[in-house]
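As a basis for the values below, the full set of heavy atoms in this structure was taken, side chains included, without hydrogen atoms, waters or symmetry mates.
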Amino acid sequence: MTSTSVRKQLQSLRREIEHHNYRYHVLDDPEISDADFDALFDRLLALEAEHPELVTPDSPSQRVGSTPSDAFAPVEHAEPMLSLDKCTTREELINWEARCRARLEVESPMTYACEPKMDGVAISITYQDGLLVQAATRGDGQTGELVTANVRTIGAVPLKLTGRRVPRIVEVRGEIYLPLAAFEAFNAAAAASGEKPMVNPRNGAAGSLRQLDPKVTAGRNLSFFGYGVGRFEGDWQPRTQTEVGDALAGWSVPVNPRRARIEGAEQCFDYAETLLVERAGLGYEIDGVVIKVDDRAQQQALGTVTRRPRWAIAFKFPAEEATTTLLGVEFQVGRTGAITPVARLAPVFVGGVTVSNATLHNMDEVRRLDLKIGDRVLIHRAGDVIPKVVKVVPGHRGEQEITLPSACPVCGAEIYHADGEVVARCSAGLDCPAQRKESLKHFASRLAMDIEGLGDKLIEQLIDGGQVESPADLYTLDAETLAALPRMGEKSAANVIAAIEKSKSTTLTRFIYALGVREVGEATAAALARHFGDLEELLAATEETLREVPDVGPVVAEHIHTFFAQTSNRVVIEALRKAGVHWPKVAKAAQAPLAGQTWVLTGTLESMSRAEAKAKLEALGAKVSGSVSAKTTQVVAGPGAGSKLASAEQLGVPVMDEAEFLVRLDALATE
Ligand code: IVH
């Protein structure tokens, strides 16, 4: 091969790899499989190994290099990296706009560029003639640290700017962040290997970026959004902040898909409120919204005071972290007997609500945190997620040890640890009132038998009063018994009896789910119903036949088999059927309802993670793909859906939103 043809081949390979890299990291919309990508990469590495003289700094092979000797050397910023003023209320935001307008002497509302305020690490990345030449942290705003080698490892950061009107020199500013999935994966692995977990994604991002070995950074799956420019030398100048974002996107720099151009401070407030609702489903942490005057001439006119531009403001969301004191630990007994330590906390405002309890999961977690009663602790609460104790605040330690009780705190029965399980369990099964209560709550819940009006409090009363022991006893209750309970009127008693009566007519899926077999959720219950068609066949199934069901692995098969082998469970099932609980026979599908279909998920879902949605679809027989083609059956698009949604529309593939998706899942689960 002549050196020109090798050069050409290398060039086209690199272009192809960067294209797929961009599809994967920036658009979240890969066109090829990971294996195909790896094959391309291996070809590049092989060819470069044969021709080391042809390796260029912008080659994707150079993302992970060796440790440079100048790592963390001080870097003077060409223009200072500024801080932001903050506000937290609508009124403060409107006052800020009033001050801007007064200074500029404009009467009408102004236009703003709004986008999420990423909770990560600020970064400045300089491109010369389109090539990444330097990356530096913010530092004190004047002087940062050189982290070029580490930033090059981040897939979302382009090594080379593409497209039109790339300036001779441009400093791209933005935020390096750790996606929540990467944060959780790191901490799960750390917990398994006994390593120190990350406290939060922001600390994780900062720590991952400040690694001496770029290979360590490369393994952390950091990501990046650009939000502005510093030094800019080219034949043209962007006139607005929106144009800056558009230009960045045009050069293949990832920009936040939720950025928006908005007129008037009140509308900016509405934008912030909407984003606050979507916050928990974004897949990364944000701490507010950044609102910038869009017109750059107006920005200039407004200027900067003490390192804070007058033309921008951070609208801050309630913090998701707070510190408080651990007052005590109580042990709760769950549906399957699992004994969970629960932290009792001095009430603290976090994530927009006052929190006084947090789960501690199990005793391993208590030991890992090295928790003692009286400790000052850091609490995290995001979205509707149960608050969590993240760590103990050093220097404010309590003294009282936390010990697992020697017997079940509710019924006094023995506690055991199943082989290999961290969780301690009460051994009394349904003889334990706590387990009976939790099983009954599950039995009556919306996705199970859906008995309206039979709430947690009422169930607790019924168990404590001995009127109900097993789910089958519900069907022998009468209105008089219920009406005699404290805080129950005749009318509500009659309503509950009617709801219990109504629940007799159910579906096999709901019935299986309602039984509360360990690890059998709605998706697995639906798969079992479809596979076996009726209860008798499920009752007769062996562990081997159970494993033939999609979604059922050896552990779940064992749980199901053990459950149905227990006489007490058989007795309850029999009693329920005798009481009149019935369901239509399920057409035993040789095929799952979505067999042969290909679904694509894009954007964020609020009610479940994408992984959960994928598992549910797969349990129904669908294939879930990462990219849209003419063969795609259905696209589910949540907020933030980008190019996949566009391709679907172009190809005429049907698109549904999350609400429709949930309705469809529900219909399929209860079929
Ligand atoms: S613009 C003058 N946009 O917030 C405007 N900053 O106090 C400069 N940040 O640490 C910042 N997301 O890294 C801007 N979408 C966003 C941002 C953002 C996060 C951080 C920034 C800096 C701090 C500014």
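Looking at Glu658 and Ser607, their side chains do bring a donor and an acceptor atom within 3.5 Å of each other. For the residue pair Arg7/Thr56, the side-chain donor-acceptor check at 3.5 Å is not satisfied. Side chain to side chain, Ser124 and Glu171 meet the donor-acceptor criterion of an N or O pair below 3.5 Å. Counting only N and O atoms by type, the side chains of Ser625 and Thr598 include no donor and acceptor under 3.5 Å apart. A side-chain donor-acceptor contact under 3.5 Å links Asn21 and Glu18.
Residues Asp119 and Glu175 form no side-chain contact, since every pair of their non-hydrogen atoms from C-beta on lies 4.5 Å or further apart. The closest side-chain heavy-atom distance from Glu263 to Asp294 is not below 4.5 Å.
Note: Tyr177 and Phe225 have parallel aromatic rings, judged against thresholds of 30 and 60 degrees for the angle between ring planes.
Within the 3.5 Å criterion, the main-chain N or O of Val289 finds no donor-acceptor partner in the side chain of Tyr271. In terms of modelled atom types and a separation under 3.5 Å, the side chain of Gln299 and the main chain of Val293 share a donor-acceptor contact. Listed for the Asn150 side chain is a donor-acceptor partner under 3.5 Å among the backbone atoms of Leu209. Judged by distance alone, with hydrogens and angles left aside, the side-chain atoms of His77 form a donor-acceptor pair with the main-chain N or O of Thr137 at under 3.5 Å. No side-chain donor-acceptor contact under 3.5 Å links Gln300 to the backbone of Arg296.
Evaluation of the ring-ring contact (aromatic ring centres under 6.0 Å, His included) rule for Tyr227 yields no partner, not counting sequence neighbours.
In summary, Arg239 and Asp295 do not engage in a salt bridge, as defined by a charged side-chain N under 4.0 Å from a carboxylate O.
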